[in-house]
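Taking it in order: structure first as C-alpha cells, then the write-up.
Per chain, numbering begins at 1; letters A, B, ... match sequence-line order.
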Protein chains: 2
Amino acid sequence: MTDLLSVAKKAGVSRATAARVFSQPELVRKTTLQRVLAAAEELAFRPNRLAQQLRTQATRIIGVLLPDPRNPVFAEQLLAMELAARQQGYALLVTTTGYDASQELQLVEEMLCQRVDGLVLTVADAENSEVLAKLQRESVPYVLVYNQPTDPDVQAISVDNRLAMYDAAQYLLALGHRQIGMVAGPMAQSDRARLRYDGYCAALREHGITPRPVIEMASHTRASFPLLQSHMQGNEGLTALLCSNDLLALSLISDLQRHGHAVPDDISVIGFDGIELGELLFPSLCSVVQPREAIGREAVAVLLAMMRGEQPDIGKLPHRLRPGESAGPLQRPDTDAHRIRTR
Amino acid sequence: MTDLLSVAKKAGVSRATAARVFSQPELVRKTTLQRVLAAAEELAFRPNRLAQQLRTQATRIIGVLLPDPRNPVFAEQLLAMELAARQQGYALLVTTTGYDASQELQLVEEMLCQRVDGLVLTVADAENSEVLAKLQRESVPYVLVYNQPTDPDVQAISVDNRLAMYDAAQYLLALGHRQIGMVAGPMAQSDRARLRYDGYCAALREHGITPRPVIEMASHTRASFPLLQSHMQGNEGLTALLCSNDLLALSLISDLQRHGHAVPDDISVIGFDGIELGELLFPSLCSVVQPREAIGREAVAVLLAMMRGEQPDIGKLPHRLRPGESAGPLQRPDTDAHRIRTR
DNA sequence: AACCAAAATGAGATCGATCTCATTCAGTAG
DNA sequence: CTACTGAATGAGATCGATCTCATTTTGGTT
C-alpha cells in the first residue's frame, strides 16, 4: 500500500534515493532527505521487512525451539534471549515441543522455511538427534541450550551437569545422608538427566555407596509419591532425594507432605535449576542453580558470533548450590521410623 | 539457492507448474507431479516463505506482546497460543514489554513492519493506550488478553475481573474476616488491577465495611512485608489479604512467614490467576482461577476469526475460586495479639 | 567560462514465490 | 481426419525492497 515507490513519487525522487534515505541517509542531500522523510511521514510509510529480508537474504529473526515455557527455566531463558536479541535488532520466532523429540524435525524445518538466520534449541537428546545432524549438514548456525552434547564441535550453553549433580550429592553426603536416591523425568529423552545421574553415581561411589537406579517419573515436571514408592522395591528407606529439576522437586515435596512425610525432617530434597520461586516457598528449595539469564544471553551472543562467521569458544557456565530449608542434616541416624519404605 | 526455478528447470517444466505442484497439486498431471517432486527432493528444495509472504501479502505469523513470560500466567497462555496457532498453520513472533507501557508502541510497530497478520496483546492499560488507538485506526486485527477495556468494540479475552475479586472478597467475608486488605502491583499501569480493586471494594461495602486503600507494591510480581507495613499507617490489624496475582501472593506469604506471621492462622492470603504451582505448595494457595489455557486458545481463535472478517462476539471467560490452605476462617475474633500492626 | 572530481541520483536487475491469462495438449465426437 | 472441449502448461507481471552501475549535479578551480 504505502510502499517506498509511492513515497519516492510523492517526494519526486527515484526508488533508489528513497531507499537510501532509510539505509544510508548520509549519501542523500539534506534537502532531498527531508523531502522524502516528509513524504514518508505523510503517507504513513512502514518499511516492509519481508521485502528487505527477501532481497538481503537475512531476516534478523532467530528461531527458538524449547520444550515448554511453563517451566520457569525456559521462561527465564526466553526472556533473557528476547532482550538480548532485540538489543541487536533481532526478533524471536518461538516454537515449543512439549518435550517431544519427534516434533523437533518438523518444527525446525518450518522455521528454516521462514529463513531464520539462526536457531537456539533445547532438544530432548543432543546425542542422537536428527535435527542437529541436518543443521550441521546444511551448516545452519545454531546453538544448543541446556543440552550438553559429547561432540565438542557443537556449540552448547550449559553448566557442567555431571559436576553440578555431583556437587549436590556431595552436599547431601556431607550432611550425613547415605540413603540417597535420584528422581528424574523420562531418561531416554534427556541427555542432561543422564549426565546428572552420572554425577550422582560418581559422588556416591566415592563414598563407597552403591548408587541406586534412577527413580523415573512419567512427567518431566511432576513427581508423585506413589510412583516414587513403586520404584523403590527392595530398597532401604531413603533419607534424601536429588531431583533432576526444580519442578519435580517442588511437586515431590508437596506430595511427600501430603502423604505425611516431613521435609526435611523425614527426608531431604534437592532440586536442580534454581528457579526463583523455590526461594519464596516454605520450606525454601535447596537447589543447584543454573544461571538462566546468563545462559539465555550467552546463547544469543554465541549465535550472533557464529552468524558473523566467528568460532566462539565457550566453556561451561558456572553452577552453584543454593542451600535451602528442603535439605537438612540427617536426623535420627539409627532409627528409620519415619523414613520412606516400600509399601 | 534451491529455489523453485531450479526445481522447475531440473524437472523440465515452467516455474508456474512447479509452483502448482505445491499449492494446487490437483491441477498437475500425475507424471509431471512426480517429476517435479523428484527434482525437489533431489535438490533439497525448501520453499521460501518470505517470497510467499511477500507475494500473497499474508505471513501466517501472529505477533504476541506480553509483559513477562516468567509469570506463569503468560507462559501458560503462550503455550496454549502456540499450540492453537500451529494447528492452524500460524507461527508466533514473541515480544516482551516487562510491564513497561512506554515500549509497547515501538514493539508493535516492529511487528507490523514484519507484516504479522494479527496481534495478541496484553498491554499495561487498555483504557488509554496509544497502541490500541493506532491499531484501531489502521484496522489491524488484534485481540487483547487479560486486559478488560471498557470499550465493547475492542475484542478482549478475560474473566470478569471485578466480579472475580468480588467473589474472592465474599469468600473471605464468609470465613468471618472483616479486616481485609488488597495488595497489588503498580496500579496506574494495570487496568485489571483497578477492576479487581473495584470488586474488592464492592464486596466490603455490601457488608458495611469501608474498603481500605489498595496496598501498592513496587513490583508486579513481588510483594514485601515491610512495604506492606508501611502502607498500613493508621489501619487496624488485618486478618486477610487479597492479592492481585499469584506471584504477589506467594512472595507475600513467604515474607509474612519470614517475619513470624503464620498463614493462614494469623492472616489469610488469596491470590489471583490460579497458577498450577500454587497447588503444589504448602500452604497451598487459595486463588481465583483464570482459565489460562482456554484464554490462550480463545485468543488465537478469535483473532483468526477477525482475520477472516468475522465479528466474533465473545463473553467473559469463567473464573472460579479455588480454595486452599492459605485462606482459613478468622481466628481469635476478639483478640488481635498476632495480627499485623503498623510498627 | 570551462573543467573536473566528488557527490547525488536514477535505471534496471534481482530476491523467490504466486497469479492471471494465454496457449498448447490430449481425448472425444462427428 | 477435423473440430472441439477441458485439462495442463507456460509467459510474464507482481509483491516491495536493495544493489550495482551508469548518469547527472554540484561546487570548487583555474
Gap between atoms [atom1] and [atom2], on [X] and [N] respectively (whole Å):
X: B:Leu50; N: C:dC15; atom1: CG; atom2: C1'; value: 10 Å
X: A:Gln24; N: D:dT20; atom1: CD; atom2: C1'; value: 12 Å
X: A:Leu27; N: C:dA8; atom1: CG; atom2: P; value: 8 Å
X: A:Gln52; N: C:dG16; atom1: CD; atom2: C1'; value: 17 Å
X: B:Gln53; N: C:dT18; atom1: CD; atom2: P; value: 11 Å
X: B:Leu33; N: D:dA8; atom1: CG; atom2: C1'; value: 12 Å
X: A:Asp3; N: C:dC15; atom1: CG; atom2: P; value: 20 Å

Let's see if you can work this out: which of [options] has an atom nearest to the side-chain heavy atoms of [X]?
X: A:Arg20; options: C:dG16, D:dG10, C:dT9; result: C:dT9
X: B:Val28; options: C:dG10, D:dT9, C:dA17; result: D:dT9
X: A:Leu4; options: D:dT9, D:dA17, D:dG16; result: D:dA17

Problem set entry | Residue-level proximity of residues 40-49 of chain B to DNA chain C when a heavy atom falls under 4.0 Å | B:Phe45, B:Arg46, B:Pro47, B:Asn48

For this session: Give the ring-plane orientation class for B:Tyr99 versus B:Phe74, where under 30° counts as parallel, over 60° as perpendicular and anything between as tilted.
Result: perpendicular

When you measure from the side chain of [X] to the backbone N and O of [Y], does any donor-acceptor pair fall under 3.5 Å?
X: B:Asp191; Y: B:Asn147; value: no
X: B:Gln53; Y: A:Gln114; value: no
X: A:Thr96; Y: A:Gly98; value: no

Problem set entry | Least distance between heavy atoms, B:Gly296 atom then B:Met81 atom | O-CG, 3.4 Å

For nucleotides 26-28 of chain D, which of its nitrogen or oxygen atoms have a protein nitrogen or oxygen under 3.5 Å away, and what is each distance?
none

Identify the pairs formed between an N or O of the protein and an N or O of nucleotides 12-14 of chain C at a distance under 3.5 Å, and give each distance.
| unit_1 | atom_1 | unit_2 | atom_2 | d |
| --- | --- | --- | --- | --- |
| C:dG12 | N7 | A:Arg15 | NH2 | 3.3 |
| C:dA13 | N6 | A:Arg15 | NH2 | 3.3 |
| C:dT14 | O2 | A:Arg55 | NH1 | 2.9 |

Taking OP1 and OP2 of [N], is either one under 4.0 Å from a side-chain nitrogen or oxygen of [X]?
X: A:Ser14; N: C:dG10; result: yes
X: B:Thr56; N: C:dT18; result: no
X: A:Thr32; N: C:dT9; result: yes
X: A:Gln57; N: C:dG16; result: yes

Name the atoms and distances for all side-chain donor-acceptor pairs under 3.5 Å in residues 149-158 of chain A, with sequence neighbours left out.
| unit_1 | atom_1 | unit_2 | atom_2 | d |
| --- | --- | --- | --- | --- |
| A:Thr150 | OG1 | A:Glu127 | OE1 | 3.1 |
| A:Thr150 | OG1 | A:Glu127 | OE2 | 2.7 |
| A:Asp151 | OD1 | A:Asp153 | N | 2.7 |
| A:Gln155 | NE2 | A:Pro312 | O | 2.8 |

Exercise. With no hydrogens and no angle check, do the side chains of B:Arg86 and A:Gln106 hold a donor and an acceptor under 3.5 Å apart?
Worked result: no

Exercise. Between the side chains of B:Asp3 and B:Ser6, does any donor sit under 3.5 Å from an acceptor?
Worked result: yes

Exercise. When you match A:Leu54 and A:Glu26 each to their closest nucleotide on DNA chain C, which lands nearer the 5' end?
Worked result: A:Glu26

Seminar exercise, completed: The complete set of side-chain hydrogen bond (donor to acceptor under 3.5 Å, both in side chains) pairs with one or both residues in residues 33-42 of chain A, sequence neighbours excluded, reads A:Lys10-A:Glu42

Exercise. Crowded around A:Gln87 CD? As in, over 12 foreign heavy atoms under 6.0 Å?
Worked result: no

Seminar exercise, completed: By side chain to side chain donor-acceptor pair (under 3.5 Å), B:Thr59 pairs with (sequence neighbours left out) B:Asp117

Problem set entry | side chain to side chain contact (heavy atoms under 4.5 Å, CB included) evaluation trace for B:Gln136 with B:Tyr142 | CA-CA 9 Å; B:Gln136 208 79 280; B:Tyr142 73 93; 3.4 Å; yes

